[in-house]
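Read the structure below first, then the notes.
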Amino acid sequence: MRYISTRGEAPSLGFADVLLTGLASDGGLYVPDSLPVFSQDEMLAMANMSYAELAHKVILPFVEEDISSAELKVMVDETYAGFSHHAVAPLVQLDQNEWVLELFHGPTLAFKDFALQLLGRLMDHVLGKRNKKLVIMGATSGDTGSAAIEGCRHSEHVQLFILHPHERVSEVQRRQMTTLMGDNIHNIAVTGNFDDCQQMVKQSFADQAFLHGGQLGAVNSINWARIMAQIVYYFYAGAALGAPYRQVSFSVPTGNFGDIYAGYIAMQMGLPVKQLVVATNANDILHRCISANHYVKHNLIKTLSPSMDIMVSSNFERLLFDLYDRNGAELAELVADLNVGKADRLATERWHKAREIFASHKVDDELTCEVIKQVAEQHNYLLDPHSAIGVEAGRACNQHPEVPMITLATAHPVKFPDAVLRAGQNAPQLPRHLSDLLERPEQYDVLPNDLAAVQEFIAEHSR
Ligand SMILES: *Cc1c(COP(=O)(O)O)cnc(C)c1O
């Protein structure tokens, strides 16, 4: 399988290079040039597989030119053995046709562990074979950082630099990053917002001269390998609820459009998906785009669901690429125009294509808390604020009540006590492996919202 850039100018690459590269040299994102499609029989067999077996089945076609079946098996077995629930991604039923897919049983209690625990192993494996070192730079609005650090802290070949917006992540989120010590781990708090951090990462990829010959790798969801690992749980949930003979719908709390894009890929790979619901908080550019074909950046709003406080969703470009019939030149022009405000909508027929698959809904903080309260009282189940947005959006957009609606529960409620308390619920307890988190020593550097300062720090600490 080859991977091509959404902007059509960068060379096509194999999996190992895509894994280590992140963003393409033309500023685009890598996507597979074609997708494997599973037959009905293959999907039927999925219902009897463990999570790790299914992960092996789904991921192998994407990596097999660089990683053998046996090598992949070791990596997925190790990755998902580290999850605290034997089902890895258990499904919980709230109501007749309403389900929650719990994706927070990994070491850092958010769905990002599914991809990043594997990514660290994949990268170390490929780098080891090539006898190379990699500097990884990532921006986080909270959960990516700790998941990336957990995923890479035993990687011998990786130096990891994680930028987070200073004082804009929850205390638990910050401590999950800053209490993990290691010679190859560097936490940087930038005095700006998440988009500032993400912008710095993008600019650093575009011009890597500051590394004096070093190579930069990505752990953000611009990295295809993250999307790839997330496709698995869509099949897992679908097969458990009756696919291929029964359709399923998903509601996905969305920030960078990575997680829901994985659902869209699962659909292209044969999973019978009826609806994909884009669930946003007040930072609603995707909702405005999908519901009204209005794509204009607003200022960032700080919400109770900080992992979705994102102004521009980088992975949306991957969907646009398909909507524009994979015409890289046309897409590059559109993205440039959207970025500077020269365009504010998609061509009408392209937008209609998106509407055939996606619905969307926006949920503000007040309603988020109401949903947490309502679900706690009526179903005796505690949602985190991101997952609550997903549940509410799934209800609001559900056009097919006969089809199961599965909300991806992206984080454990213990990570977001503010919202839980505001919803009138007791703050949940940290799980045992994190019970002393608030007492552990922290290590991080605060840097100004200034690209040169951050790059200098990285150059100095990656030698
Ligand atoms: C990262 C994150 C999201 C958003 O996921 P994307 O892939 O960026 O759309 C939602 N909820 C939680 C808890 C997250 O950590």
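Remember, it's 1-based here, ligands and their atoms both numbered in the order they're listed. We count residues from 1, following the sequence as given. Reckoned from all heavy atoms, side chains included, excluding hydrogens, waters and symmetry mates.
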Short question: side chain of Thr140, backbone of Gly145 - any donor-acceptor pair under 3.5 Å? yes
Hey, looking at atom 9 (O) of ligand 1, which of Ser313, Ser387, Gly255 has the closest heavy atom?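 Considering heavy atoms of Ser313, Ser387, Gly255, the nearest to atom 9 (O) of ligand 1 sits in Gly255.
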Would one find an N or O of [X], backbone or side chain, under 3.5 Å from an N or O of ligand 1?
X: His386; value: no
X: Ile310; value: no
X: Asp384; value: no
X: Thr254; value: no
X: Thr410; value: yes
X: Ser221; value: no

Is there a donor in the side chain of Asp259 and an acceptor in the side chain of Tyr233, or the other way round, less than 3.5 Å apart?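 Indeed, the side chains of Asp259 and Tyr233 share at least one donor-acceptor pair under 3.5 Å.
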Does some non-hydrogen atom of Phe111 fall short of 4.0 Å from ligand 1? yes
Hey, what's the ring geometry for His412 with Phe104, parallel, tilted or perpendicular (30° and 60° as the breaks)? perpendicular
Using 30° and 60° as the class limits, which term best fits the ring planes of Phe257 and Phe316: parallel, tilted or perpendicular?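 If you compare the ring of Phe257 with that of Phe316, the planes turn out perpendicular.
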Which residue owns the protein heavy atom closest to atom 2 (C) of ligand 1, what's the atom, and how far is it?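 The protein heavy atom lying closest is Lys112 NZ, 2.4 Å.
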So if I apply the side-chain contact (heavy atoms from CB on, under 4.5 Å) rule between Met405 and each of Val248, Val277, Leu94, which one comes out positive?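 Among the candidates, only Val277 passes.
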CZ/Arg350 to CG/Asn293 distance, rounded to the nearest 0.5 angstrom?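 It comes to 12.5 Å.
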